[in-house]
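Have a look at the structure below before the remarks.
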Amino acid sequence: MHDRRKHQRFLLEQSCFLTSAASVGTILDLCMGGLLSCMCLEDNRCSNDSQQREVDIFCKTAKLSAQGLPIKVLDSNTVSGEFDMGLSCRKCRVQFEHLELNQKAHLEEIILSHTILSTR
């Protein structure tokens with residue numbers, strides 16, 4: 001299958017968490033072009049719509065964070081299976097939108113110091 005990605009994708013060396021008012025999740029990968037893939041707890045409000053949301057990224061081990069990042073959900077699918085108490089997960093693909101200079105700097109710091117280049 002031909003890879004249509006324009007930007008290199010980076011895997012995190014250790015877990016970083018994504019939090020929002022709606023949910024919490026683990027970041028799977030991200031790229032310099034402004035896309036991020038994550039696995040989040042199921043939330044009905046996480047859907048493919050044009051509503052802009054804000055998320056925070058925390059990499060506890062590396063003591064890195066980026067807060068108040070505006071995103072738009074591009075794609076969201078429920079992952080089969082359930083966790084305890086009927087909770088399930090969603091795999092989401094989001095795009096960062098209109099980042100301020102300090103937000104871009106924090107995100108770039110996470111990519112440059114806490115990731116490895118993905119081969120997938």
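Side-chain atoms of L35 and R9, non-hydrogen and from C-beta on, do get closer than 4.5 Å to each other. With contacts defined as side-chain heavy-atom distances shorter than 4.5 Å, the pair L74/K72 qualifies. By the 4.5 Å heavy-atom criterion applied to side chains, C59 and H114 are counted as neighbours.
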Stepwise side chain to side chain contact (heavy atoms under 4.5 Å, CB included) test for F17 and I57: CA-CA 6 Å; F17 299 96; I57 296 174; over 6 Å; no
Apply side chain to side chain contact (heavy atoms under 4.5 Å, CB included) to residues L30 and I111 and explain how you reach the verdict. CA-CA 8 Å; L30 53 123; I111 290 172; 2.9 Å; yes
Test side chain to side chain contact (heavy atoms under 4.5 Å, CB included) on L12 and L28; report intermediate values, then the result. CA-CA 7 Å; L12 297 162; L28 302 174; over 6 Å; no
Before you tell me yes or no, could you show the steps for L11 and T115 under side chain to side chain contact (heavy atoms under 4.5 Å, CB included), namely the whole-Å CA-CA distance, both residues' side-chain angles and the distance that decides it to 0.1 Å? CA-CA 5 Å; L11 300 173; T115 63; over 6 Å; no
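Distance check, rounded to the nearest 0.5 Å: CZ of F10 to CG of L36 gives 13.5 Å. In this structure, CG on N77 lies 8.0 Å from SG on C92, to the nearest 0.5 angstrom. Atoms CD and OG, from E108 and S113 in turn, are 10.0 Å apart once rounded to the nearest 0.5 Å. Distance check: R93 CZ to S37 OG gives 7.0 Å after rounding to the nearest 0.5 Å. Note that CD of E54 is 10.5 Å distant from CD of Q67, once rounded to the nearest 0.5 Å. Expressed to the nearest 0.5 Å, how far NE2 of H106 lies from CD of E100 amounts to 10.0 Å.
The same ILVMFWY cluster, assembled from side-chain heavy atoms under 4.5 Å apart, contains both V73 and L99. Follow the hydrophobic side-chain contacts under 4.5 Å out from L112 and you never reach F58; the two are in separate clusters.
No more than 12 heavy atoms of other residues, nucleotides or ligands sit less than 6.0 Å from atom CG of L101.
Put simply, the residue from V55, T19, D56 that forms a side-chain contact (heavy atoms from CB on, under 4.5 Å) with V24 is T19.
On the SG-SG cut-off of under 2.5 Å, C40 and C89 do not qualify.
Between the side chain of S23 and the backbone N or O of L41 there is at least one donor-acceptor pair closer than 3.5 Å. A side-chain donor-acceptor contact under 3.5 Å links Q103 to the backbone of G68.
Minimum heavy-atom separation, R90 to V79: C-CG2, 4.2 Å. Of all the heavy atoms in A66 and L107, the pair that sits closest is CB-N, 4.4 Å.
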